[in-house]
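First comes the structure, then the notes that go with it.
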Amino acid sequence: MDYLNKLNPQQREAAIHKEGPLLILAGAGSGKTSTMTHRIAYLIKEEGISPYHILAVTFTNKAAKEMRDRVEDLIGAGVNMWILTFHSACLRILRTYAERIGYSKDFVVYDPTDQKVVIKNCIKEQNVDEKKYPPAYVLSIISDCKEKGISPAKFGQENGDDFKGKTVHGLYAAYENVLKKNNAMDFDDLILRTVQLFEKDDEVLAYYQDRFRYIMVDEYQDTNYMQYRFIKLMAEAHNNICVVGDDDQCIYQWRGADIKNILDFEKDFKNTKVIKLEQNYRSHGNILEAAHSVIENNKGRKHKKLWTDKEEGEKVKYYRAEDEKDEARYIAQEIDRLRTGELKYKDFAILYRTNAQSRTFEEALSARDIPYRVLGGIRYYDRKEIKDIMAYMRLVQNTADDLSLARIINEPKRGIGEKTLEKLRTLASVRNESLFQLLTDEEIVDGLPSKAVESIKEMVATIEQYSLEKENLRVSDIYDGLLVKTGYLKSLEQQDTVEAEGRVENLLEFKSVIYDYENENPQLSLSEFMERIALIAEIDNHDADENAVVLMTMHSAKGLEFPVVFIPGMEDGLFPGWRSLEKPGGIDEERRLCYVGMTRAMQKLYLTSAQLRTLYGKTDYTKESQFLKELDKSLVDGDAIYQKKSMSGTSLNGFPGNYRNPGWSQGGNDGFNSGEIFRPFDQLKYIKENQRTSQSSKGGDYQNGDKVSHSKFGEGLVISVDGSTITIAFDSVGVKKLAKDLAPIKKI
DNA sequence: TGTCCGCTCTTTTTT
DNA sequence: AGAGCGGACA
């Protein structure tokens, strides 16, 4: 039992807990994975429990993999145990028992992109106004319903009174029909249908209850109602349920995660033992304190405070940049400066709120030749060519998948347009057949536009052939065969553009992915492969060994740690995001996200913001994030703020318009006085260089704080001079200008 | 039917 | 700013 010696008393107590409900409140960096894996090892080695009877559920593939690796380290390689994500666990169950709830075993999984296509079709078919009912919005309602177990019928009963409710109900019902008809499930279905299966079929439930006598759930604070049901149903028989979580790290409420699950766990499972893990092994003291000073502002937390016996370390550094370019430049510069010595590129992470922010950093890092890796954003598997070939593969697996057929029927071009497809759809629904079935009817195909006939026949024959032989063929062979025989590859090659070349490259890369899977599992079947792919997230591809700076969202960063962390964009409206302002509890969730971000840092933590930010094509003055104000200032390093041209203490007092200091700033040298009322500029425009070309003024003529007047915008104030670029703020319009273009602007 | 252009619209997080 | 859509045209 030496392996338990590495644990602290609380961790140890949790690890050797055998029976009954256990709630582990594990703060950030408190060694929760270690505790869980040790518990698993303990159950197996000391208590003689078979791995067969243990189930461990996580949210991400990455977490599952890590847990598996670490369990194997403890008890020896090759543990045949269910350590899976919620979705993959449910998928496995459904693959075995789908027929009991009216699905065929070959059902396919629709990802969000597929869902969007389906709902769009429904919207069109029902003549609903897409403007008033945006697909994303309708889907969010549907997803919400599924997480709560509200069927279309029930939704109709509850919301059928008004027009809007009726419309959404109609769409929800239609959506469900399409999925059912296509023998498809979306992500929410995987959980929902499993729960329905359990509720409907005592035999199946009893089987899993008996099988999983010890259940562990990671990141319990992020479970939604249906996931809770899933766990609860299985745990009921033996009541050996151990959940680990941190209410301060609940950052997925927007997606249905119900923080009450963890807050009420003790009420829910009688005789729960609660263990708090409060020692943090990750971060230096100041970082921890700083993070705590922010999260403290949330109400209704389970009280706990992390501590560490590590050194205080450096203070948190804050830098208020001029604009997002300056922000990125600063971060790149700091990385370059620190990279010497102990720290390698891979020890740095830039964690932002939105994926859209990544671009500026990419440019700044490239400019300094700093290797980096962006995670998230467009998923690799969302690329068009990958989706296309996957649609072919899905068809081979399940020819009833009309969505996939519609996607590829004219890809490559086969002369089937919107109209023809529409006709086929109608006919198919009249004959109650799938589109593919319809196309196996020679008469139908012969009736297609003449130039389409041959190529469609070929396509159908190819799919049919592979569909019949899929059991005997390797996935990579099917893949190759499809690429060639469908003409997809050829058509790309004929396009002869850089873009098409890139696509071909991606397709090649995809093939190496297939090879990787096949190497791991030589028996890999098409359906196995498809489902592995379906549930993969970009973050799973994070290779911790690659020596590159990591860029990702704070959401994706949960569970990771880095010696040096940068959190840019600390501005109201961006972080916390403006959308969160409208929702009740929205700010609290953002604050938790901030906490998650900050606690990723081990040694150094940087927060930055930009005074001026261009995002989504619009430039605005920003206000520093309220989270910065909550931060305990004694833990923040003002000296480290790198000096830029200061604004020489100019006050805006008396300046027309009364806006003011965007708020607290460490340097205190941005030229604004703190505490006045800030009125954001209504609008900010960059005047292009070539609009005016008078040479009458030189840059040197202007200094920060100069009052100027402009023929069009009225009076303004110079707020920065950088080389020949002068930024001038007007009452309602800010103008950034080159000195030589200052013709209409006069000093006053 | 396919392509191109210009217009508008959207801006969070993801299994 | 960029994607994605729709309309106009070949």
Side-chain angles (χ1 to χ4, degrees), chain A residues 57-64 84-91 109-113 115-116 120 124 130-131 134-137 139-140 143 146-147 185-191 218-219 222-224 226-227 250-257 324 351-360 375-379 381-382 384 410-422 448-452 495 531 533-540 552-558 569 573-583 586 589-590 592-594 596-597 613-619 686:
Chain A
V57 197
T58 66
F59 273 87
T60 64
N61 297 300
K62 188 173 181 300
L84 299 169
T85 65
F86 272 99
H87 295 269
S88 41
C90 288
L91 184 56
V109 178
Y110 278 2
D111 72 11
T113 321
Q115 289 178 278
K116 211 170 146 195
K120 270 191 178 171
K124 230 179 259 163
E130 202 176 313
K131 297 269 148 51
Y137 167 71
L139 279 175
S140 75
S143 174
K146 290 191 177 190
E147 275 161 8
M185 294 202 202
D186 60 26
F187 285 165
D188 295 317
D189 278 330
L190 294 176
I191 317 283
D218 190 19
E219 308 276 17
D222 284 330
T223 47
N224 63 35
M226 206 45 70
Q227 287 159 338
C250 174
I251 53 173
Y252 286 106
Q253 271 180 317
W254 53 275
R255 218 171 78 196
E324 72 274 0
L351 309 179
Y352 34 75
R353 177 68 240 265
T354 70
N355 281 125
Q357 286 167 260
S358 73
R359 205 195 181 99
T360 333
L375 297 175
I378 350 118
R379 268 164 75 229
Y381 299 104
D382 281 342
K384 183 181 183 309
N410 204 28
E411 195 70 59
K413 303 276 171 275
R414 296 191 176 93
I416 303 283
E418 191 88 12
K419 285 218 179 90
T420 316
L421 182 58
E422 218 29 69
L448 291 171
S450 53
K451 61 183 168 179
Q495 280 173 37
E531 63 199 41
I533 295 296
L535 297 178
I536 233 161
E538 185 74 15
I539 185 68
D540 298 324
M552 66 178 119
T553 64
M554 279 175 271
H555 280 90
S556 313
K558 192 167 71 163
L574 182 59
F575 188 35
W578 56 272
R579 304 181 81 102
S580 69
L581 303 174
E582 297 147 18
K583 292 178 219 149
E589 175 144 331
E590 296 280 304
R592 288 193 291 270
L593 186 59
C594 184
V596 168
R613 181 171 298 274
T614 308
L615 201 58
Y616 307 126
K618 243 182 81 198
T619 304
Y686 285 166

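Naming convention: chains lettered A, B, ... in sequence-line order (proteins, then strands); numbering from 1 in each chain. The basis for the numbers below is simple: all heavy atoms, side chains too, and nothing from hydrogens, waters or symmetry mates.
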Self-check item: Value in whole Å for how far the P atom of C:dA1 lies from CZ of A:Arg613
Solution: 15 Å
Self-check item: Proximal nucleotide (of C:dG2, B:dT14, C:dC5) relative to the A:Thr553 side chain
Solution: B:dT14
Quiz item: In whole Å, what is the span from the CD atom of A:Gln357 to the P atom of C:dG2?
Solution: 16 Å
Quiz item: Has A:Phe86 got its ring stacked on the base of B:dT15, with centres under 5.5 Å and planes less than 30° apart?
Solution: no
Quiz item: To the nearest Å, how far apart are A:Leu190 CG and B:dT14 P?
Solution: 19 Å
Self-check item: Nearest-nucleotide pick for A:Thr420, side chain only, options being B:dT15, B:dT1, B:dT14
Solution: B:dT1
Exercise. Quickly work out the A:Tyr352 OH to B:dT11 P distance and round it to whole Å.
Key: 18 Å
Practice problem: Ignoring hydrogens and angles, tell me if any N or O in the side chain of A:Asn410 forms a donor-acceptor pair with the backbone of A:Gly415 under 3.5 Å. | Solution: yes
Quiz prompt | Atom pair distance, as rounded to whole Å: OH in A:Tyr137 and C1' in B:dT10 | solution = 18 Å
Quiz item: Between atom CE in A:Met554 and atom P in B:dT14, what is the gap in whole Å?
Solution: 11 Å
Self-check item: Parallel, tilted or perpendicular: ring planes of A:Trp254 versus A:His555, cut at 30 and 60 degrees
Solution: perpendicular
Practice problem: Send over the distance from A:Asn355 CG to B:dT10 P, rounded to a whole Å. | Solution: 19 Å
Exercise. Using whole Å, report how far OH of A:Tyr252 lies from P of B:dT13.
Key: 10 Å
